Structures are given as structure tokens and as C-alpha cells.
Protein chains: 2
Amino acid sequence: MPTIRDVARLAGVSVATVSRYLNHKGYVSRETAEKVEAAIRALKFEPNEVARGLANQKLNAIAVILPDITNPFFPELLKAIDEQAERYGYNVLVWNARSHASKRSSYARMIRQQYLDGAIIAAHDIAEDEIARLQAEAIPLVLVDRPSAHGVPQIRSRNREGARLAVRHLMAIGAEKIAHLSGPASILPAAERRQGYLDEVEARPWFAPSLIVGGELSIEGGMAATEALLARHPDVDAIFAANDLMAIGALKVLHRRGIRVPEDVALIGFDDIPLAAVVEPELSTVRQPVDVMGRLAVDLLLRRSNARPKKKHPAAQPIERPDDPSSAAGPSVYELEVTVIERASTLRKNR
Amino acid sequence: MPTIRDVARLAGVSVATVSRYLNHKGYVSRETAEKVEAAIRALKFEPNEVARGLANQKLNAIAVILPDITNPFFPELLKAIDEQAERYGYNVLVWNARSHASKRSSYARMIRQQYLDGAIIAAHDIAEDEIARLQAEAIPLVLVDRPSAHGVPQIRSRNREGARLAVRHLMAIGAEKIAHLSGPASILPAAERRQGYLDEVEARPWFAPSLIVGGELSIEGGMAATEALLARHPDVDAIFAANDLMAIGALKVLHRRGIRVPEDVALIGFDDIPLAAVVEPELSTVRQPVDVMGRLAVDLLLRRSNARPKKKHPAAQPIERPDDPSSAAGPSVYELEVTVIERASTLRKNR
DNA sequence: GTGAAAGCGCTAACAA
DNA sequence: TTGTTAGCGCTTTCAC
């Protein structure tokens with residue numbers, strides 16, 4: 001492997017000049033540049049990223065910390081992040097919240113040791129104090145779909161609003177008793193969606209708190225919650241699930257019981273994972289713009305740490321939180337618009 | 001950030017000694033070790049990975065090149081790889097075959113520039129000559145589910161055998177006219193599965209080549225292929241699909257047409273992606289041991305490049321290929337056992 | 001057993 | 001504009 005030194009020698013200049021040429025920093029005369037260029041080509045020189053990393057104290061790479069890569073939402077997010085990082089010329093390290101950290105060492109440590117530029121955290125199963133530590137050490141951070149003490153930039157969807165849209169959609173097609181399969185209260189998006197549901201139905205005559213059934217945000221969780229729901233309220237005619245996986249679980253249970261969707265019970269989920277369009281009947285849902293979330297996450301992270309972003313995000317709605325003192329330094333919570341996707345599971349009923 | 005120098009100073013020894021202590025190389029007396037230890041603790045010293053990378057000419061990281069991270073098979077594989085890499089203390093860079101490479105620069109270049117230890121390639125959409133180049137440069141490589149010129153270690157399932165098992169299973173439950181939805185012939189596993197199907201049915205009186213319908217290995221591909229199949233052979237009573245996604249596509253089409261599964265048509269896929277257990281009816285399939293594939297890939301890669309593996313892989317069946325001259329240096333193709341998973345889509349029919 | 005010193009390949013003052 | 005040189009933080013001979 002030729003080094004910058006070889007290039008310098010062949011071009012008859014100093015390594016400093018080659019370095020300047022390479023990084024477009026400082027002055028390099030036209031002719032010198034050409035000589036350097038020629039030498040680089042002749043030697044097939046490739047600057048060594050690790051050496052630059054050492055010298056610059058940064059490696060042009062970021063970490064993405066995910067809770068569970070096999071949950072279909074995250075590959076989508078990862079893909080978006082990866083593509084955007086690629087545009088900046090950055091590498092992406094994928095860390096599994098469960099298997100990493102605790103084991104080898106803390107995230108802060110891993111990030112420092114490797115001169116990473118920061119981390120995108122989408123894992124709700126990382127403790128708040130771990131986040132606090134990272135922030136205390138001034139490690140650039142962006143949180144996706146999880147909250148934290150103020151100051152850390154956060155990206156998430158308009159969960160509450162999305163839930164309201166979903167419920168209104170169910171009402172619009174004629175639903176008269178709408179239940180909600182809710183996720184763990186400890187997971188913010190789940191809590192927000194629950195609240196959105198409440199916003200819409202609390203005042204209705206038919207509403208009863210027992211129409212809300214909690215469970216894990218998984219297919220199994222959705223199945224269990226639906227069983228419980230049907231035991232209590234055999235007469236529901238619509239269900240809003242906290243996410244698509246739960247909705248799919250609900251679908252399975254309804255199907256087994258011979259309850260038709262959407263004729264007997266209309267069903268809507270949240271996220272719009274690819275699976276939603278695959279099940280039968282196809283699942284209506286509230287779409288989160290994963291791709292925007294991923295791109296924005298990278299932009300925010302790298303903007304903070306150094307690079308210049310290249311695009312605007314029209315879908316992003318940076319909001320000021322009046323109770324957040326840090327907002328003086330710019331908004332720290334970005335909420336993205338969501339939209340209802342109507343599919344067969346909420347096809348207007350003809351009764 | 002304290003450096004090794006600070007540690008040395010505080011401990012009253014030289015940096016060389018600290019380094020030796022850190023890497024368990026060379027002799028360090030009991031007492032010296034204790035002093036160093038104390039200094040490290042006192043300073044909260046964390047060795048810098050990038051600097052070690054430079055000095056060692058290796059960064060303890062590998063690249064994983066995937067064709068499409070949103071295809072549910074790959075997150076599973078990635079997870080397994082990630083967990084195993086973690087055990088070795090290695091980092092994983094995830095590269096998307098489509099978006100990377102061509103763009104920035106070649107894989108070979110990226111791997112060298114970053115002192116990576118090698119790459120696991122699961123992308124069938126990487127050209128053979130790209131692989132050849134990597135190998136020519138002696139970059140450690142392991143291929144998963146894709147073939148290549150000999151010499152490069154390859155991991156895959158017993159696709160042909162699995163296909164035979166699937167078809168035999170269909171026969172065992174009473175199927176009398178079995179069709180096959182096959183993937184692109186250019187993708188090796190797809191070709192092997194097709195061959196396995198042929199092995200079992202070619203001699204049957206009911207067999208006709210038109211029972212094989214090609215398509216993409218996706219849900220859409222499965223749908224299209226099924227449409228075509230039904231047009232030709234409305235009387236098929238069983239379908240073996242080249243992978244689960246295609247099978248799910250078939251399921252959708254059959255469902256729309258009012259054809260019952262498994263009563264009218266039995267259906268079996270291949271891979272056992274999580275989705276298979278989610279659709280209705282649940283999909284029978286041939287299971288590939290993704291987790292073993294991932295672990296083995298990491299082991300082979302790192303064994304070649306340096307580290308010592310820690311476990312055996314009982315499911316792995318290294319096979320010698322008599323026509324492969326390189327097998328003198330050890331087997332280069334590992335075929336993993338597969339098993340039929342019986343679910344509702346092939347429940348024995350009572351006619 | 002331990003330390004001095006020369007790298008690993010590149011960047012960035014500071015001079016010239 | 002360009003070159004000299006001192007790092008970046010760690011590893012590794014090679015003496016002692």
C-alpha cells in the first residue's frame with residue numbers, strides 16, 4: 001500500500017502539500033496539484049482512514065443503537081440512516097442494545113475509544129442514565145422515537161395526532177364502539193398514541209376505560225390483548241392498535257374466532273411496516289415517515305458535530321417546548337407528520 | 001482523555017510496559033502489573049482503538065454486505081453475525097450492496113482504507129469480478145448464500161435437499177399435482193431448490209415442465225407467478241415456493257380467488273422467516289438455520305484472519321468438492337442442514 | 001523484566 | 001505557496 005509519503009516523493013513535493021491537496025485545505029498551485037494528481041493515479045494511492053482518524057481525532061463514523069433489529073420497523077430506519085450517512089461519506093456501526101453495552105463496556109466508552117462522531121439511539125431499552133452519561137460527556141446524540149431529559153435532540157412522529165386521525169377514520173366509516181390495544185406506558189410513543197385515542201373517545205357515551213387493553217408491542221402482545229378485549233367487550237366494532245404488530249396479532253385472533261374484518265370489526269394499526277400490506281385483509285394504518293426520520297437523524301447528528309447538511313426536511317416540524325429551557329439553543333424535538341393509510345381492514349362497511 | 005503515556009507516568013513505568021500489560025504480551029512482573037492496574041483505574045484510562053488500529057494495521061472490525069436489509073431474512077442473519085462478532089470484540093459495519101460500492105469506491109478499497117479484517121458477503125447482486133478482486137487482494141471473505149469461483153469459503157443451506165424434503169412432505173399429505181414457484185436461475189439457492197423439486201417429481205406421470213413458474217423472490221413475484229400458474233394449471237393441489245416471500249404472495253392470490261389453503265391447495269415455502277408464522281394460515285416451510293449461518297460466517301472469517309474460534313458448529317457439514325482443487329487447503333463450502341416446519345398451510349387433507 | 005525509540009500514515013502549525 | 005516537523009496514541013523491536 002503506497003502512503004502519502006510515496007506520493008510526495010514521486011510528485012517531488014512534501015507530504016504536507018499532498019495532504020493539503022487531498023483535503024482541499026490551504027493553497028496548492030495549479031501545477032503542483034497536477035503533479036500530485038498524477039502521482040496518486042500512478043501509485044493508486046488511497047488515503048488511510050485509520051491514520052486520518054488518529055490525526056483528526058475522528059473517524060467519520062457513527063453508531064446506531066437499536067433495540068431489536070428483527071422488528072421490521074428498524075431495518076427500515078437503518079436503511080434510511082445508512083443511505084444518508086453514505087451521502088456524508090460516513091460509516092455506520094450497528095449496535096444491538098441488548099447484546100452490546102452492558103457486556104463489553106459502556107456506549108460512551110466505545111464511542112470515545114473509536115473516535116466516533118456520535119450515536120443515533122432508537123432503543124427504548126437503554127436507561128436514561130446511560131443517555132445522561134453520554135450527554136454529560138458531550139457526545140453528539142440524536143434520539144429517535146424515545147424521549148429523554150431535555151437538551152438531546154429528539155425525532156419522533158406526531159403520535160398523538162396520528163392516533164386521533166386513526167380514531168376519527170374509524171368513526172368516519174361508521175364505527176360506534178372503538179377499542180384500543182395499547183403498548184407499555186413506559187414507551188413514550190405508545191403512551192402518546194393512547195392519549196390521542198382518549199382525546200377522541202373519552203367524551204363519547206359508549207366509552208369505558210376497559211376498552212383500553214394493554215400489552216407488548218408485538219404480534220403476541222396483540223393477540224393476548226385482543227383475547228382480553230373480546231372477553232370484556234364482545235360487541236366492539238373497531239380496534240385501534242398501538243402499532244402494526246399488535247394489529248396483526250389482533251387480526252389473527254379475530255380470524256380464528258370467525259370475526260370478519262372489516263365487516264364485523266374494523267382494524268387499524270400504526271407505523272406502516274411492510275407487513276401491513278401483506279396480511280389479509282391488508283391493514284389500514286398510520287404511516288410514519290421512516291425515511292425522513294432516518295435522514296433527519298443523520299443530519300442533526302452531523303450538523304451538530306461538524307458537517308454541513310445538504311437538504312431541508314419539509315416534513316419535519318421542529319417544535320418549541322415552552323417548558324424546555326434548552327430550546328433557546330434551537331428546537332430539540334422534531335415531530336414528523338403522519339398520515340392515515342386506508343386499506344381493506346377499514347373498508348367502509350355497508351350494514 | 002488520559003493516554004497510555006499518562007498511565008505510564010503515574011505508574012512510574014514506561015509506556016512499553018503498560019502496553020505489554022494491556023495486551024498480555026511479554027513479561028510484566030507481578031508488582032509492576034499491580035502498579036499499572038492501579039494507575040489505569042485511577043485515571044479511568046481507556047485504550048484508544050483507532051491508535052491501536054494504526055499501529056496494528058487492523059481495526060478489529062468487519063464489513064457485512066447485504067443486498068436488501070428490508071428483506072426479513074437479512075436482519076436475522078445480521079443479528080446472528082453481530083452477536084458473534086460481539087463475542088470476538090469485533091465491530092460490524094453494515095453496507096448496503098445497492099447504495100454503497102459503485103458510488104464511493106470499491107469494497108476492496110474501503111476495506112483496505114479502514115483496516116478492516118474482511119467481509120461477509122450475502123449479496124447476490126455483487127458481481128463476480130468484484131469478488132475476484134477482493135480475493136486477489138487477499139482480503140478475507142466469507143460468502144453466505146451465494147456462490148463464487150472456488151477458494152472463497154461459502155456458507156449455505158442444503159437447498160436441494162430441502163426442496164426434496166418439502167416436495168416429499170407435500171406428497172406425504174396426499175398431494176398429487178405439485179407446482180413450483182421458482183426464483184431467478186441466476187441466484188444459486190433458487191436454482192438448487194428448483195433442482196431439488198425436479199429430483200422428486202420429474203419421473204411422475206403428472207409432471208409437466210409448465211408446472212414450474214419463475215418469478216422474483218418477493219411477495220409480488222410470488223403473486224405474479226401464482227396467477228400464471230393457475231392460468232395454466234387450475235387443478236394443482238400443492239405448491240412449493242422457492243422462498244417464503246413468494247409463498248406469501250401465492251397465499252394472497254389463492255385467497256383472493258377463493259381457493260382454500262390447505263384444503264384445495266397445500267402450500268410450502270423456504271427460509272422460515274418470521275413472517276411465515278404470521279400469515280393466515282400459518283405457512284409451512286423449510287427452515288434454514290440463520291443463526292448458525294451467521295455465527296459460522298464470523299468464525300470462518302476471523303479464523304482465517306487471526307482470532308481463535310470458541311465453539312464447534314455441529315450443524316455445519318463441510319463438504320469436499322472433488323472438482324475443487326483448493327479443497328486441499330480445507331473445505332470451502334459449508335452446507336447447513338435444513339428441516340421442514342409443518343404448519344397449517346400443509347395440514348393433512350381429509351378429502 | 002523493563003525502557004528508549006522508531007514507527008503506523010496522516011494532519012497542521014509554523015517557517016521559509 | 002510549499003516544506004519541516006512535531007504530534008495523534010499505541011505497538012514493537014532491541015538493548016540493557
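Predicted, not measured: the structure shown is a model, and the values here were computed from it. The chains referred to below are lettered A, B, ... by the order of the sequence lines, with proteins before strands, and numbering in each begins at 1.
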Nearest to the side chain of A:V15, which nucleotide is it out of C:dA5, C:dT11, C:dT2?
-> C:dT11
Scan B:Y115 against the nucleic acid and name what it touches under 4.0 Å (heavy atoms): base, sugar-phosphate only, or nothing.
-> sugar-phosphate
Compare the minimum distances between each of C:dC10, D:dT1, C:dT2 and the side chain of A:Y27, then state the nucleotide with the smallest one.
-> D:dT1
Looking at every strand, decide which applies to B:V13 at a 4.0 Å heavy-atom threshold: base, sugar-phosphate, or nothing.
-> sugar-phosphate
Nearest to the side chain of A:V28 - D:dT2, D:dC8, C:dG9?
-> D:dT2
If we only count heavy atoms from C-beta on, is the B:R156 to B:V333 side-chain gap below 4.5 Å?
-> yes
Under 4.0 Å between any heavy atoms, over every strand shown, what does B:S19 touch: base, sugar-phosphate, or nothing? Just pick one.
-> base
Does any N or O in the side chain of B:D6 come within less than 3.5 Å of the main-chain N or O of B:T3, such that one atom is a donor and the other an acceptor?
-> yes
Which atom of A:Q154 lies closest to which atom of A:P147, heavy atoms considered = OE1-CA, 3.4 Å
Closest listed nucleotide, where the reference is the side chain of A:N56 and the choices are C:dA12, D:dG9, C:dC10 = C:dA12
Separation of C:dC10 P from A:E46 CD (nearest whole Å) = 10 Å
Look at the side chain of A:A55 and decide which nucleotide, out of D:dT12, C:dG9, D:dC10, has an atom nearest to it.
-> C:dG9
A:A16 side chain, from C-beta outward: closest of C:dG9, C:dA13, D:dG9 | C:dA13
In whole Å, what is the span from the CG atom of B:D6 to the C1' atom of D:dC8?
-> 13 Å
Are B:S14 and C:dT2 close enough that a side-chain N or O sits under 4.0 Å from OP1 or OP2?
-> no
Does B:K25 or A:Q57 map to a spot on DNA chain D nearer the 5' end, using the closest nucleotide for each?
-> A:Q57
A:A51 side-chain proximity, nearest of D:dG3, C:dG9, C:dT2 = C:dG9
Selection from D:dT12, D:dT2, D:dG9 that lies nearest to any side-chain heavy atom of A:R20 | D:dT2
